[in-house]
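First the structure, in the form of structure tokens, and then the observations on it.
Fair warning: this is a prediction, and the values are worked out from it, not measured in the lab.
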Amino acid sequence: MTHLDGIIKPKTKRSKRFLENRAPKLAEDVKTAMIMKGGNTNQTVTQALKDIYSLKKPNAVLYKKKNITRPFEDSTSLEFFSKKTDCSLFLFGSHNKKRPNNLVFGRLFDFHVLDMIEVGIEKYVSLSDIKNSKCPEGTKPMLVFAGEAFDSDIEYKRLKSLLIDFFRGPTVSAVRLAGLEHVLHFTAVEGKIYMRSYRCLLKKSGCRTPRIELEEIGPSFDLVLRRTHMASDDLYKLAHRQPKALKPKKKKNISHDAFGTKFGRVHMQKQDLSKLQTRKMKGLRKRRGPVDTEDKDTQAPKVAKVES
């Protein structure tokens, strides 16, 4: 591929297919996350990154080597790796004396950092410490958020949006009941975020609808909110803009009430009742046939006009 005046022109068919795959689409692909660790980490952070990678697979890229970078000070290396692997989400883990057991969740727009939130791990139970059967790889999880902070605080609202983007998985048109087996639960209480992972068990209930039980499968995190880097309102609005082709077309003269009932308004021209076509009934037709003699006798005689 050649690079001229900011325009990349492919030389081979393979490079052309590569560029077409990276080009913007109306229906974007599933968001991929890159998971990397900083220059200084410990066993807790390394294992936490591996467990989150196992939840995110196969839509994730795990970097095993250390990357000496600080996302809040210089994000150029993150943007470089994002463009290289075509990832719009990232998770960065680090550990130091000032911020121990540190995780940074973030996302990018047009290969530039949009927003990122830093959390610290206070308590952690790994996936291997809980000896229960796990969900299959690639299972789309159900996300549950509990706590008033997710609806009232601006930082928690943005954290909720970021976690939904990170763990939501692919967009599907239909879901079967047996496929709803993984639950990720986030609770915000007293300045802490509790993340739990459960597996749904369908038990017999004596009727057609099964009884649901939750079994913890891990990993388990007790997190505390630290630094945040929020995008401006204009940039955040631009990142959420949808193309016109995907926007639903507005139907005229159709409205809905508070209960969801659909109403339609029909506009008609003024009717001319003189040209109204009525229904033709058999009983209203004139009868054709011979006239009875009795009717002839009862009729009055016709008077002939005589010319003088």
Side-chain angles (χ1 to χ4, degrees), residues 23-32 59 88-89 107 109-110 114-115 135 138-188 198-203 205-214 230-282 284:
K25 309 178 185 64
L26 286 178
E28 291 290 343
D29 299 330
V30 183
K31 290 186 177 182
T32 309
N59 304 314
S88 56
L89 302 166
R107 53 187 167 185
F109 172 67
D110 196 17
L114 179 66
D115 50 9
C135 295
T139 303
K140 184 178 174 66
M142 296 178 286
L143 304 178
V144 182
F145 292 87
E148 296 181 358
F150 285 125
D151 299 324
S152 59
D153 192 276
I154 297 177
E155 293 182 349
Y156 280 86
K157 280 183 180 179
R158 195 65 63 87
L159 176 62
K160 177 182 177 180
S161 174
L162 182 56
L163 291 175
I164 291 175
D165 261 359
F166 199 90
F167 291 106
R168 69 185 305 171
T171 302
V172 294
S173 58
V175 180
R176 64 188 183 96
L177 181 60
L180 301 174
E181 56 178 335
H182 189 201
V183 178
L184 287 177
H185 193 280
F186 300 91
T187 307
Y198 301 99
R199 179 170 175 260
C200 291
L201 303 177
L202 304 179
K203 301 289 186 178
S205 61
C207 58
R208 188 174 182 181
T209 305
R211 180 170 55 88
I212 306 298
E213 288 187 4
L214 296 180
M230 301 294 181
S232 61
D233 294 337
D234 296 337
L235 182 60
Y236 193 72
K237 187 177 180 180
L238 180 64
H240 282 76
R241 183 179 295 176
Q242 290 184 348
K244 293 183 179 179
L246 291 180
K247 292 182 179 179
K249 294 183 179 179
K250 187 177 180 181
K251 297 182 180 179
K252 296 182 179 179
N253 303 322
I254 293 178
S255 60
H256 297 80
D257 61 359
F259 301 100
T261 307
K262 190 175 182 180
F263 294 96
R265 180 180 295 177
V266 180
H267 296 275
M268 299 181 62
Q269 296 179 353
K270 188 176 181 180
Q271 292 182 339
D272 186 3
L273 299 180
S274 61
K275 299 180 180 180
L276 185 65
Q277 179 65 44
T278 59
R279 185 179 178 186
K280 296 181 179 180
M281 297 180 63
K282 191 174 181 180
L284 298 178

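Every residue two or more places apart in sequence or in another chain was checked for a side chain to side chain donor-acceptor pair (under 3.5 Å) with Thr139, and none qualifies. The side-chain contact (heavy atoms from CB on, under 4.5 Å) search around Lys203 returns Leu201, Arg211, Glu213, not counting sequence neighbours. Residues passing the salt bridge (charged side-chain N to carboxylate O under 4.0 Å, His left out) test with Arg107, sequence neighbours excluded: Asp115, Asp165. Remark: Thr261 pairs with Asp257, Phe259, Phe263 by the side-chain contact (heavy atoms from CB on, under 4.5 Å) rule, at least two apart or across chains. With sequence neighbours excluded, the residues forming a salt bridge (charged side-chain N to carboxylate O under 4.0 Å, His left out) with Asp151 are Lys160, listed by chain and number. Residues that satisfy the ring pair (Phe, Tyr, Trp, His ring centres under 6.0 Å) test with Tyr236, not counting sequence neighbours, are His240. Partners of Ile254 by side-chain contact (heavy atoms from CB on, under 4.5 Å), not counting sequence neighbours, listed by chain and number: Lys251, His256, Lys262. Residues that satisfy the side-chain contact (heavy atoms from CB on, under 4.5 Å) test with Ser88, not counting sequence neighbours, are Lys31. With sequence neighbours excluded, no residue forms a ring pair (Phe, Tyr, Trp, His ring centres under 6.0 Å) with Phe167. When the ring pair (Phe, Tyr, Trp, His ring centres under 6.0 Å) test is applied to Tyr198, no partner is found at least two apart in sequence or on another chain.
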Show which side-chain atoms of residues 170-178 pair as donor or acceptor with protein atoms under 3.5 Å away, not counting sequence neighbours.
none

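One finds the CG atom of Leu159 at 8.0 Å from the CE atom of Met230 (value rounded to the nearest 0.5 Å). Here the CG-CZ distance, from Leu184 to Phe145, works out to 8.5 Å after rounding to the nearest 0.5 Å. To the nearest 0.5 Å, the span separating CZ on Arg168 from NZ on Lys140 amounts to 6.5 Å. Between the CZ atom of Phe166 and the CG atom of Leu143 there is a distance of 12.0 Å, given to the nearest 0.5 Å.
In this structure the side chain of Thr32 never reaches within 4.5 angstrom of the side chain of Leu89, judged on heavy atoms. Proximity of Leu235 to Leu114: side-chain heavy atoms (C-beta onward) are separated by under 4.5 Å at one or more points.
The two atoms that bring Cys200 and Val183 nearest to each other are SG-CG2, 3.5 Å, heavy atoms only. Here the shortest heavy-atom pairing between Phe150 and Ala188 reads CE1-CB, 3.6 Å.
Heavy-atom contacts from other residues, nucleotides or ligands closer than 6.0 Å to CZ of Arg158 number more than 12.
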